[in-house]
K.L.:
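Sharing a structure here in structure tokens format.
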Amino acid sequence: MGVSRTDLFDLEQNAIAQLARIFSHPARIAILQYLAESKTCINNDLVTHLGLAQPTVSQHLRELKLAGLIKGNIEGNSVYYCIDINNWKNAKSVFNQLFELINVDKDLC
């Protein structure tokens with residue numbers, strides 16, 4: 001794989017691409033869907049639900065947390081994860097703005 005030339009693109013383009021990368025793995029999508037339905041969960045809930053190894057789930061949770069899409073609250077010996085609503089709204093707005101650039105009612109090609 002070649003070196004990424006992110007320096008050729010502006011901050012907004014790089015930010016959108018970085019956010020899109022988070023959505024590029026089906027396990028992360030499944031985690032987000034599970035959290036949307038259950039509101040909160042611990043790592044072991046996801047291990048059981050997804051059938052993935054605990055370290056794999058932890059890595060995906062870490063990626064989602066670094067992106068700001070989820071947050072973790074420590075309660076006793078467990079970390080309870082949930083969607084970070086404010087950052088989720090921001091991510092939704094970023095993608096909506098991108099998709100709204102193209103008027104799908106017009107024939108572009």
K.L.:
Flag yes if Tyr80 and Leu66 sit in one hydrophobic cluster, no otherwise; membership is Ile, Leu, Val, Met, Phe, Trp, Tyr, and two members link when side-chain heavy atoms are under 4.5 Å apart.
P.N.:
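No, separate clusters.
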K.L.:
If you measure from CG on Leu61 to CG on Leu69, what distance do you get to the nearest 0.5 Å?
P.N.:
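If I round to the nearest 0.5 Å, the distance is 12.0 Å.
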K.L.:
If we ignore hydrogens and angles and just use 3.5 Å, is the side chain of Lys39 paired with the main-chain N or O of Ala36 as donor and acceptor?
P.N.:
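Checked: pair present.
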K.L.:
Taking all atoms of both residues into account, what is the closest heavy-atom pair of Cys41 and Leu35, and its distance?
P.N.:
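Heavy atoms of Cys41 and Leu35 come nearest at SG-CD2, 3.5 Å.
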K.L.:
According to a 4.5 Å side-chain heavy-atom criterion applied to Ile, Leu, Val, Met, Phe, Trp and Tyr, with indirect links allowed, do Val94 and Leu11 form part of one hydrophobic cluster?
P.N.:
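No, separate clusters.
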K.L.:
How close do Gly72 and Val79 get, heavy atom to heavy atom, and via which atoms?
P.N.:
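Heavy atoms only, the tightest pair is CA-CG1, 3.8 Å.
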K.L.:
Does CD belonging to Gln13 count more than 12 external heavy atoms closer than 6.0 Å?
P.N.:
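Counting neighbours around CD of Gln13, more than 12 heavy atoms of other residues, nucleotides or ligands fall under 6.0 Å, so yes.
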K.L.:
Kindly compute the distance separating CD1 (Ile16) from CD (Gln97), expressed to the nearest 0.5 Å.
P.N.:
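The distance works out to 8.0 Å.
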K.L.:
Is it true that the side chains of Glu63 and Gln59 contain a donor and an acceptor less than 3.5 Å apart?
P.N.:
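Indeed, the side chains of Glu63 and Gln59 share at least one donor-acceptor pair under 3.5 Å.
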K.L.:
Output yes when a side-chain donor or acceptor of Ser93 lies under 3.5 Å from a complementary backbone atom of Lys89, and no otherwise.
P.N.:
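No, because the side chain of Ser93 does not come within donor-acceptor range (under 3.5 Å) of the backbone of Lys89.
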K.L.:
Within the distance-only criterion (no hydrogens, no angle test), does the side chain of Asn14 pair as donor or acceptor with the backbone N or O of Phe9 below 3.5 angstrom?
P.N.:
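Looks like yes, one N/O pair under 3.5 Å.
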K.L.:
Rounded to the nearest 0.5 Å, what separation is found between the CD atom of Glu75 and the OG1 atom of Thr40?
P.N.:
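The CD atom of Glu75 sits 7.0 Å away from the OG1 atom of Thr40.
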K.L.:
Roughly how far apart are Ile70 CD1 and Ile83 CD1, rounded to 0.5 Å?
P.N.:
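Separation between the atoms: 7.5 Å.
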K.L.:
In the structure I gave you, are the side-chain heavy atoms of Tyr34 and Leu50 within less than 4.5 Å of one another anywhere?
P.N.:
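SC-SC contact between Tyr34 and Leu50 ruled out.
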K.L.:
If I compare all heavy atoms of Ile42 with all of Ser78, which pair ends up nearest, and what's the gap?
P.N.:
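Closest pair (atom of Ile42, atom of Ser78, distance): CG2-CB, 4.0 Å.
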K.L.:
What distance do Cys82 atom SG and Asn73 atom CG have between them, rounded to the nearest 0.5 Å?
P.N.:
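That separation rounds to 5.5 Å.
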K.L.:
What are the two closest heavy atoms between Ala91 and Leu19, and how far apart are they?
P.N.:
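Shortest heavy-atom contact: CB-CD2, 3.6 Å.
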K.L.:
So with a 6.0 Å cut-off around CD1 of Ile74, is the heavy-atom count from everything else above 12?
P.N.:
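Open.
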K.L.:
Can you say whether the rings of His60 and His25 are parallel (under 30°), tilted (30 to 60°) or perpendicular (over 60°)?
P.N.:
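If you compare the ring of His60 with that of His25, the planes turn out tilted.
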K.L.:
So with a 6.0 Å cut-off around CG of Asn77, is the heavy-atom count from everything else above 12?
P.N.:
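Open.
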K.L.:
Rounded to the nearest 0.5 Å, how far apart are CG of Asp45 and OH of Tyr81?
P.N.:
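Here the interatomic distance stands at 11.5 Å.
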